[in-house]
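Scroll down for the structure; my scribbles are underneath it.
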Protein chains: 2
Amino acid sequence: MKLEVQIKMNASLYLRDPEQSELGKNIIKFSIELIHKHGFEAFTFKKLAEAIGTTEAGVYRYFENKHKLLVYIISWYWGWLEFQIGYQTKNVTNPVSKLKKVITILATTVEDDIMTGHVDESILHQILISEGSKAYLTKQVSQDNKQEYFKPYKELCNTVGGIILECNSKYKYPHSLASTIIEVAHLQNFFMNNLPSLTDFSKSKNEDQIITFLNDLVFSSIEK
Amino acid sequence: MKLEVQIKMNASLYLRDPEQSELGKNIIKFSIELIHKHGFEAFTFKKLAEAIGTTEAGVYRYFENKHKLLVYIISWYWGWLEFQIGYQTKNVTNPVSKLKKVITILATTVEDDIMTGHVDESILHQILISEGSKAYLTKQVSQDNKQEYFKPYKELCNTVGGIILECNSKYKYPHSLASTIIEVAHLQNFFMNNLPSLTDFSKSKNEDQIITFLNDLVFSSIEK
DNA sequence: TATTTATGATAGTAATACTATTATTTAAAA
DNA sequence: TTTTAAATAATAGTATTACTATCATAAATA
């Protein structure tokens, strides 16, 4: 028997559920590949269709436009991360250890999870670093928010915020600190690899240094 | 006599220097307006030309494409901020006061600076919040970096990093903390206004709360 | 077996992101 | 002042993007 993790997705992100067909799964799989390879700006439904071996119209039957497809992919990742955090910290009782574990998960390029067939999480993590903020840095952010497109991200922030409060119930900014951890983990990773002088990690380009930096930042604030 | 602050720009960002003609100045002025109003994705040279009252080809004589124009505008802002920080902290000897002042400048919507004729800095600040990261979150980031497109941003980070070291010469991550302050100031502002549950500033939507959060974060880390 | 449903193949449109050409105006040099 | 150069305006044209629409066919389901 093959175990599969299913992330429940917001149905208004798609026209036809991509999990329910081979073509749908290929749309997700090749989108991740192409966005990673060429970047979101250069990514088009035509190129995607060619890569899959279908037609543009075929892709449009699943997703209205590439923005919704990006939001779908990113939401999926947040959902998967939420699951990972729950799973990997389920036996950790000490909140400080738990938060450290969470920071490590957020700042580390994960290995491909065999439980999610057509999705390569390590590539997805890279996409999140370079393209993640483009999901919400748009003029339609409020409409998208009303449609609950960012619910998985918010839930993750809420989970992390909860763990922060477990560490120190008097800390005043659990949500802001949670979103800061997530975003800074990605930003410092991007800077380290592309604009290294904006970081102090230039030499080794090692993700562990980002984790150390974040741990220092976070625990100084909440243990003060 | 009218005093004018001139920010020296990287000449490879443009084909013809926009500071040197009325049309050029209008390109900058209306770009800022249009990008702010409709967002960078919906911004085109055709719409810009119409707004100015010139033709598309006219705009292309100044800028190769809209990406370079965005980088130009954003670089200008970093250069202007660097000047502001130098100017507004020149008599502050206490490094902690200086860093607090810098955090306030970075996290506050500035008033329109009358010394820079055709540029409205308060709108530029808004553009930086929503569009700033799109300047570097591209596949060409390394080439752009080689051309020194991000020099003003790096210099600003370096300046802020220097002030951090003045506060505590043993602090290990001055550059990362500097880039974190700048980016988090913008991100938390965007979240506060658009995705408030990712922050703890939902009620009043006041920038002062972001400053308080950043001060807490920064000084906990460096004074530890 | 009939019929719904998904896919494939093809066409077409408006907008975007440019490049090129020529005419006209403006400003600087002779 | 005239000549010449440089900047701009007006127009046209191309390839690509971001879609929508139509119709035929294959596969799944009733």
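In the text below, chain A, chain B and the rest are named by the order of the sequence lines, each starting its count at 1. Note that the structure is predicted; figures quoted are calculated from it, not measured.
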Roughly, in whole Å, what's the span from [atom1] in [X] to [atom2] in [N]?
X        : N       : atom1 : atom2 : answer
Lys47(A) : dT16(D) : NZ    : P     : 10 Å
Ile27(A) : dA6(C)  : CD1   : C1'   : 12 Å
Gln20(A) : dA28(D) : CD    : P     : 15 Å
Glu50(B) : dT16(C) : CD    : C1'   : 13 Å
Leu15(A) : dT7(C)  : CG    : P     : 12 Å
Lys46(A) : dA9(C)  : NZ    : P     : 14 Å
Phe63(B) : dT8(D)  : CZ    : P     : 13 Å
Glu41(A) : dA18(D) : CD    : P     : 11 Å

Does Lys46(B) have more than 12 heavy atoms from other residues, nucleotides or ligands lying within 6.0 Å of its NZ?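 No - once you tally the heavy atoms of other residues, nucleotides and ligands closer than 6.0 Å, there are 12 at most.
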Please determine whether any donor N or O and acceptor N or O are separated by less than 3.5 Å between the side chain of Arg61(B) and the base of dA6(D).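 Flag unset: no donor-acceptor pair detected.
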With heavy atoms under 4.0 Å as the rule, sort [X] into base, sugar-phosphate or nothing.
X        : result
Lys66(A) : sugar-phosphate
Tyr60(B) : base
Tyr62(B) : sugar-phosphate
Glu64(A) : sugar-phosphate

Measure from the side-chain heavy atoms of [X] and tell me the nearest of [options].
X        : options                  : value
Glu56(A) : dT7(C), dT17(D), dC19(D) : dC19(D)
Ala57(A) : dA17(C), dC19(D), dA9(C) : dA9(C)
Arg16(B) : dT16(C), dT8(D), dG8(C)  : dT8(D)

Do the side-chain N and O atoms of [X] and [Y] include a donor-acceptor pair separated by under 3.5 angstrom?
X         : Y         : answer
Tyr62(A)  : Ser21(A)  : yes
Glu41(A)  : Thr138(B) : no
Thr199(A) : Gln188(A) : no

Are [X] and [N] close enough that a side-chain N or O sits under 4.0 Å from OP1 or OP2?
X        : N       : value
Thr55(B) : dA10(D) : no
Ser21(A) : dA6(C)  : no
Thr54(A) : dT7(C)  : no

Under 6.0 Å between ring centres: does that hold for Phe191(A) and Tyr136(B)? yes
